[in-house]
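Not measured: the values here are computed from a predicted model. If you read the sequence from its start, that first residue is 1, and numbering goes on from there.
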Amino acid sequence: MKQRILIARLAAAALATAAMVAMSGSPAAAWSYGVNRVQTAAEDSWAQTGMGPGWVLLSYKANGPMVGYLFARDFVFADGTVKTSFDHMDIRDTGDAAAGNTEGITRWPWGFAGGSFDGCAYAYGTRKFAIERTGFSSSSCANGPSVVGSSNSDGSPDTLRWWHSEQVFCTANATDALCSPWGVWSENKGGGLKVTTARSDCPAYGNIGAAAAYGSGAGLPTHRLGTAPAGAQIDIRYVTKDRQWAMAKWNGHRFAAGIAWAFLPRSCLW
């Protein structure tokens, strides 16, 4: 009798464990070369500069300024919209170097980044990715980044290749004071970020598309991350070539899921 009771209890425990696994899902596989998806917040909630629960930042160079984001399924945006599918990246190779990063990222995956970005980019580390299959989803970006970098923020040479020169951003400083004559505002270019104020409430978006960020197309704002209110201090990293968007942050505050950098309409800034 006792043995039957013990067997019944073990069976019940096994069923409960199976139910929990079914509800939580299997752990995500690690990243690898090929088609990778972004891990959900439930799979990896780690957050630091350039990555957070359900998202990872994209740039035109390793450890560089934001040009867009990839998001995982189930990510909740500031307007209540829930992501219903995974964004993917073709990880063709990595740039292996600290690249001035202070938070331990030494491997920078690059390739075609899909979602609402849809272009060539580096991503902030490999941690947020999970391999889905070998091969690639696109022939784009196969030849790799080809622009020779200039220097890191500390003035040391940048030995990694970039996808684009910073001249793809607005450099018309005489026309628009928020545009950097170097393309981006940084410690070794202009002495730091350009500071301005929001003249009205500024909607913040995660993506405007690769074509707009890289200076050759109209912006398609998607992924609402929040709102910077009128009067807020806004720190500018760059303005897009058409002067319609500023890549910036609301000083001292964060948007959805801890995201700092977003695209704000240039029209809502002084």
- In Å, rounded to the nearest 0.5 Å, how long is the span from OG1 of Thr106 to CG of Asp96? 7.0 Å
- Message: Tell me which pairs pass disulfide bond (SG atoms under 2.5 Å apart) where either residue lies in residues 214-245, with sequence neighbours left out.
- Response: none
- Among pairs that include at least one residue of residues 46-143, which meet disulfide bond (SG atoms under 2.5 Å apart), considering only residues two or more places apart or in two chains? Cys120-Cys141
- Note on the structure: Sorted by chain and residue number, the side chain to side chain donor-acceptor pair (under 3.5 Å) partners of Thr171 (sequence neighbours excluded) come out as none
- Task: I would like to know whether Leu269 and Leu178 meet side chain to side chain contact (heavy atoms under 4.5 Å, CB included); could you show each step before the answer?
- Result: CA-CA 9 Å; Leu269 303 173; Leu178 297 187; 4.2 Å; yes
- For the rings on His223 and Phe77, is their centre-to-centre separation under 6.0 Å? yes
- Other cluster members, Val76 - Ile/Leu/Val/Met/Phe/Trp/Tyr, side-chain contacts below 4.5 Å: Val82
- Pairwise disulfide bond (SG atoms under 2.5 Å apart) hits with a residue in residues 31-82, at least two apart: none
- Query: Mind checking whether Val67 and Trp163 have side chains closer than 4.5 Å, heavy atoms only?
  - Reply: no
- Atom pair CD1/CZ of Ile91 and Arg107 - distance to nearest 0.5 Å: 10.0 Å
- Between Leu57 and Met51, is any pair of side-chain heavy atoms under 4.5 Å apart? no
- Item | Distance in Å, Asp90 CG paired with Asp93 CG, rounded so as to fall on 0.5 Å steps | 13.0 Å
- Here the side chain to side chain donor-acceptor pair (under 3.5 Å) pairs for residues 68-81, sequence neighbours left out, are Asp79-Thr81
- May I ask you to check whether Trp108 and Tyr124 place their ring centers less than 6.0 Å from one another? yes
- Message: I'd like to check Val38 versus Trp55 (side-chain heavy atoms, cut-off strictly below 4.5 Å). Are they in contact?
- Response: no
- Met89 and Phe86: same hydrophobic cluster, using ILVMFWY side-chain contacts below 4.5 Å? no
- Taking the six-membered ring for Trp, is the centroid-to-centroid distance between Trp31 and Tyr33 below 6.0 Å? yes
- Task: Please report the closest heavy-atom contact between Ala121 and Ala113, naming both atoms and the distance.
- Result: CB-CB, 4.5 Å
- Message: Tell me whether Phe136 shares a hydrophobic cluster with Phe129, the cluster being built from Ile, Leu, Val, Met, Phe, Trp, Tyr side chains joined at under 4.5 Å.
- Response: no
- How far does CH2 of Trp162 sit from OG of Ser59, to the nearest 0.5 angstrom? 9.0 Å
- Query: Does the side chain of Asp158 reach to within under 4.5 Å of the side chain of Lys61, using non-hydrogen atoms?
  - Reply: yes
- Leu264 and Ile234, any side-chain heavy atoms less than 4.5 Å apart: yes
- Note on the structure: So the salt bridge (charged side-chain N to carboxylate O under 4.0 Å, His left out) pairs with at least one residue in residues 218-235 (sequence neighbours excluded) are Asp235-Lys249
- Query: Going by the salt bridge (charged side-chain N to carboxylate O under 4.0 Å, His left out) test, which pairs reach into residues 189-214, not counting sequence neighbours?
  - Reply: Glu166-Lys189
- Side-chain heavy-atom pair Ile236, Thr196 within 4.5 angstrom cut-off: yes
- Message: Is there a side-chain contact between Gln233 and Trp250 in this structure, where contact means two heavy atoms from C-beta onward sitting under 4.5 Å apart?
- Response: no
- Smallest heavy-atom separation, Gly119 atom then Ala210 atom, equals CA-CB, 3.7 Å
- Please examine the side chains of Pro145 and Tyr122, heavy atoms only from C-beta on, and report whether any two atoms are closer than 4.5 Å. yes
- Applied to residues 197-241, the disulfide bond (SG atoms under 2.5 Å apart) test, sequence neighbours excluded, yields Cys202-Cys268
- Query: Can you hop from Ile208 to Phe255 via hydrophobic side chains spaced under 4.5 Å?
  - Reply: yes
- From CD1 (Ile131) to CG (Asn36), nearest 0.5 Å: 4.0 Å
- Just grab all the salt bridge (charged side-chain N to carboxylate O under 4.0 Å, His left out) pairs involving residues 260-270, residues at least two apart or on different chains. Asp176-Arg266
- Selection residues 168-191 - residue pairs positive for ring pair (Phe, Tyr, Trp, His ring centres under 6.0 Å), sequence neighbours left out: Tyr60-Phe169, Phe169-Tyr238
- Task: Validate the cation-pi geometry between Arg92 and Phe112: distance from NZ or CZ to the six-membered ring centre under 6.0 Å, angle to the ring axis within 45°.
- Result: no
- Keeping to residues at least two apart or across chains, list the side chain to side chain donor-acceptor pair (under 3.5 Å) pairs with something in residues 211-220. none
- Take Phe75 and Thr40 through the side chain to side chain contact (heavy atoms under 4.5 Å, CB included) test and state the conclusion after the steps. CA-CA 7 Å; Phe75 188 96; Thr40 65; over 6 Å; no
